[in-house]
Amino acid sequence: MQYPQDPPPVQSGSGMSNTDQERVFNAPWEAKAFAIVNQLATLEHCTWPEWTQYLSSVIAATENDASDSIPYYEQWVMACEKLLADKGLLDTEAIDQKMHELVAEKEAEHQH
């Protein structure tokens with residue numbers, strides 16, 4: 001398994017156009033959510049196996065939800081919120097404030 005802090009090698013001169021490459025993130029907010037967890041691991045607030053457990057738990061919990069499926073990076077954010085709260089890194093008020101900012105940013109992206 002390749003961990004996020006080890007980006008894949010850049011294939012310059014491969015002749016492959018950007019449109020041929022697989023898109024990693026569908027929106028900038030997804031990249032930010034990914035970067036937050038990467039930074040948490042880099043600063044040793046969590047380990048990658050621990051993160052995997054948090055994300056797996058959210059995915060398992062939401063799969064059982066009868067509502068429409070929740071996109072992967074929304075599950076990612078839900079797991080991140082739980083990790084931040086469980087570790088005491090942010091209180092629920094700070095998480096709510098940050099989530100409000102991210103949602104506003106996401107909505108602004110759709111208007112462009």
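Lys32 meets the side chain to side chain contact (heavy atoms under 4.5 Å, CB included) test with Glu105; sequence neighbours excluded. For Tyr73, the ring pair (Phe, Tyr, Trp, His ring centres under 6.0 Å) partners are Phe25, Trp76, not counting sequence neighbours. Take Ala35 and apply the side chain to side chain contact (heavy atoms under 4.5 Å, CB included) test, not counting sequence neighbours, and it matches no residue.
Minimum heavy-atom separation, Asn26 to Glu30: N-OE1, 2.6 Å. For Cys80 against Leu40, the heavy-atom pair with the smallest separation is SG-CD1, 4.2 Å. Summarising the geometry of His45 relative to Glu50, their closest heavy-atom pair is O-OE1, 4.2 Å, with the distance given to 0.1 Å.
For the atom pair CD1 of Ile70 and OG1 of Thr62, the computed distance is 4.5 Å after rounding to the nearest 0.5 Å. In this structure, the separation between CG on Leu89 and CG on Leu83 is 7.0 Å, given to the nearest 0.5 Å. The line from CG of Leu84 to CD of Glu81 is 8.0 Å long, rounded to the nearest 0.5 Å. Once rounded to the nearest 0.5 Å, the distance linking CD1 of Ile95 with NE2 of His100 reads 16.0 Å. Interatomic distance, OG of Ser69 versus CD of Gln75, reported as 8.0 Å (0.5 Å rounding).
Side-chain contact check for Glu101 and Gln97: at least one donor-acceptor pair (N or O, by modelled atom type) lies under 3.5 Å.
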Practice task
Test Trp48 against Asn38 for side chain to side chain contact (heavy atoms under 4.5 Å, CB included), laying out the working first.
Solution key: CA-CA 9 Å; Trp48 285 110; Asn38 192 33; 3.4 Å; yes
Practice task
In sequence, state the C-alpha distance, the side-chain angles, and the governing distance for Val77 and Tyr72, and then conclude on side chain to side chain contact (heavy atoms under 4.5 Å, CB included).
Solution key: CA-CA 9 Å; Val77 170; Tyr72 179 74; over 6 Å; no
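Just one of Ile59, Asp86, Val37 meets the side-chain contact (heavy atoms from CB on, under 4.5 Å) condition when paired with Tyr54; it is Asp86.
Note on Trp29 and Val24: same hydrophobic cluster, where clusters join Ile, Leu, Val, Met, Phe, Trp and Tyr whose side-chain heavy atoms are under 4.5 Å apart, directly or indirectly.
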